[in-house]
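Beneath this line is the structure, given in C-alpha cells, with notes to follow.
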Amino acid sequence: YKDKPYERDDGGLEVPDSYTTTLGFDVVIPLARDLGRDATGATETAAKIDYEASLDSLAFAASTSALSTLAAYWDLVAAQERLIIREGSLEINQQILDLTSSLIEADELPRAELARTEASVAQEQAAVESAKRAVIEARMRLADVMGLEVNAGAIAPLAADPLPSVPDAEVVELLGTEALVATALGQRLDLASARKLEASGKVLAKAARINLRPVVDLDLGISYNNLGENRDSGEALGDTFPGEWGGPSGSIGLPVAAPLGNNPQKGRLMQGVARIA
C-alpha cells in the first residue's frame, strides 16, 4: 500500500517498485473496405454538396415568393381597374335610366322601356358589388403572400400603380422567345438544387459500392519500451534505478472480416441509388 517501507525490518517486502513506459504508434491501412477518399470522405463531400443544394433551394423559394407577391399585386391592380370600369358603367346606366324616365314622362317612349332599363341598372349594381368583393379578396391574397396579418382592424394593402402598357408586337418578336426559354431554364435554381442532390447521391452510392467489399486491413505497429525500478526506503537513503530503453519492437497483422449478408452496407448502397433515381 502507499508509503509502505521497503526493508523487511520495517514491514516491507524488499520488492522494488517497477515502472514500465512504452512509446509507439499503430497504423491501420485499409486494403478493401474504406479504401481511399471516395469511401472515407464520401459523407463529408456529400454534406458539402447538400449544403450548396439547400442554398439553391432557399434562393428558389425566395424567388418563388417574390413572383407570387408580384402576381398577387398585379391581380389587385386588375381588380381595382375592373371596379372602376363597373362603377363607370353603372353611372352611365343610371343616366340612361334618368333619360328613359324623362322620355316616358314626355310620352316619347313606352313604359315597357323603363323596366328594361331598370333591369340593366340592377345588373350593373350587382356587377359593381361583385367587383368590390373581388378587390377585397385580391387585397387579402396580397397581404397573405406578403406575410401581413390582416386582423384587429388592420387594413389590407391597395395597389398604387396602373397596369403596365402592352409592348408593341415588333418589340416582342425581337426578344427571341427561344433564347428567353433557354435562359430561364438555365437559371432555374430548383433544377440546380436537384442536380446537386443527384451528384450527392452518386458520391454516397460510389462509397457504398466500395464498402461492399470485406474488411481487409494492414495493421502495422512499432514501439520502444523502458523498465525502471525504485528502491526508496522512505526517510533512509535509497537507490533509484531509472532503467534503460529497450530495443524497438514491432508488429504486423492482416485482419480479415466478411460479414454474413452484409446487409448494412447493401442498405447504404440502396439509399445512395435512391437519391439518384
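- Annotation for L204 and A42: closest pair CD2-O, 4.0 Å, computed over non-hydrogen atoms.
- With sequence neighbours excluded, no residue forms a side chain to side chain donor-acceptor pair (under 3.5 Å) with D34.
- For the pair A160 and Y73, the tightest heavy-atom approach, listed with the atom from each and the gap, is N-OH, 3.1 Å.
- For D144, the salt bridge (Lys or Arg N to Asp or Glu O under 4.0 Å) test picks out no residue, with sequence neighbours left out.
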Ignoring hydrogens and angles, write down the donor-acceptor pairs under 3.5 Å from the side chains of residues 75-82, residues two or more places apart or on other chains.
| unit_1 | atom_1 | unit_2 | atom_2 | d |
| --- | --- | --- | --- | --- |
| Q80 | OE1 | A159 | N | 3.1 |
| Q80 | NE2 | A159 | O | 3.3 |

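- Legend: residues meeting salt bridge (Lys or Arg N to Asp or Glu O under 4.0 Å) with R209, ordered by chain and number and at least two apart, are absent.
- Side-chain contact between D26 and I222: absent, with no pair of heavy atoms (C-beta onward) separated by less than 4.5 Å.
- Atom NZ in K266 sits 14.0 Å away from atom CG in N211 (nearest 0.5 Å).
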In a table with atom names and distances, give each donor-acceptor pair under 3.5 Å that connects a side chain of residues 131-143 to protein atoms at least two apart or in another chain.
| unit_1 | atom_1 | unit_2 | atom_2 | d |
| --- | --- | --- | --- | --- |
| R139 | NE | A156 | O | 3.4 |
| R139 | NE | P157 | O | 3.4 |
| R139 | NH2 | A156 | O | 2.7 |

Counting only pairs under 3.5 Å, give me each side-chain donor-acceptor contact of residues 51-65, with atom names and distances, residues two or more places apart or in other chains.
| unit_1 | atom_1 | unit_2 | atom_2 | d |
| --- | --- | --- | --- | --- |
| S54 | OG | Y51 | O | 2.5 |
| D56 | OD2 | K196 | NZ | 2.8 |
| S63 | OG | A59 | O | 3.3 |
| S63 | OG | F60 | O | 2.8 |
| T64 | OG1 | F60 | O | 2.8 |

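- L218 and V216 fall within the same hydrophobic cluster, where Ile, Leu, Val, Met, Phe, Trp and Tyr residues are linked whenever their side-chain heavy atoms come under 4.5 Å apart, directly or through other members.
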Using atom types as modelled, flag every donor-acceptor pair under 3.5 Å from a side chain in residues 252-265 to any protein atom, sequence neighbours excluded.
| unit_1 | atom_1 | unit_2 | atom_2 | d |
| --- | --- | --- | --- | --- |
| N262 | OD1 | R33 | NH2 | 3.3 |
| N262 | ND2 | L212 | O | 3.1 |

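- Under a hydrophobic-cluster definition in which Ile, Leu, Val, Met, Phe, Trp and Tyr are linked whenever side-chain heavy atoms come within less than 4.5 Å, directly or via other members, L103 and L114 are assigned to the same cluster.
- For Q187, the side-chain contact (heavy atoms from CB on, under 4.5 Å) partners two or more places apart in sequence, or in a different chain, are T183.
- No side-chain heavy atom of D219 sits under 4.5 Å from any side-chain heavy atom of S251.
- K206 meets the salt bridge (Lys or Arg N to Asp or Glu O under 4.0 Å) test with D38; sequence neighbours excluded.
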Under the side-chain contact (heavy atoms from CB on, under 4.5 Å) criterion, do R111 and E105 qualify, and how do the steps go? CA-CA 9 Å; R111 289 196 170 272; E105 292 295 331; 4.0 Å; yes
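- Residues L35 and I210 come closest through the heavy atom pair O-CG2, 4.2 Å.
- Partners of T100 according to the side-chain contact (heavy atoms from CB on, under 4.5 Å) rule, which considers only residues two or more places apart in sequence or in another chain, are I96, I104, L109, E113, T117.
- To the nearest 0.5 Å, atoms CD1 (I92) and CG (L97) are separated by 14.0 Å.
- Taking all atoms of both residues into account, the shortest heavy-atom contact from W74 to P162 is CZ3-O, 3.3 Å.
- Shown here for A205 and L269, the closest heavy-atom pair between the two residues is O-CD1, 3.6 Å.
- By the rule that hydrophobic residues join a cluster once side-chain heavy atoms approach within less than 4.5 Å of another member, L163 and I84 end up as members of separate clusters.
- Scanning for side-chain contact (heavy atoms from CB on, under 4.5 Å) contacts around Q94 gives L90, V121, Q125, with sequence neighbours left out.
- Taking 4.5 Å as the limit, some side-chain heavy atom of L197 sits within range of a side-chain heavy atom of D50.
- Every residue two or more places apart in sequence or in another chain was checked for a salt bridge (Lys or Arg N to Asp or Glu O under 4.0 Å) with R37, and none qualifies.
- The shortest side-chain heavy-atom distance between L83 and V128 falls under the 4.5 Å cut-off.
- Linking ILVMFWY side-chain heavy atoms closer than 4.5 Å, directly or via other members, places M146 and L70 in a single hydrophobic cluster.
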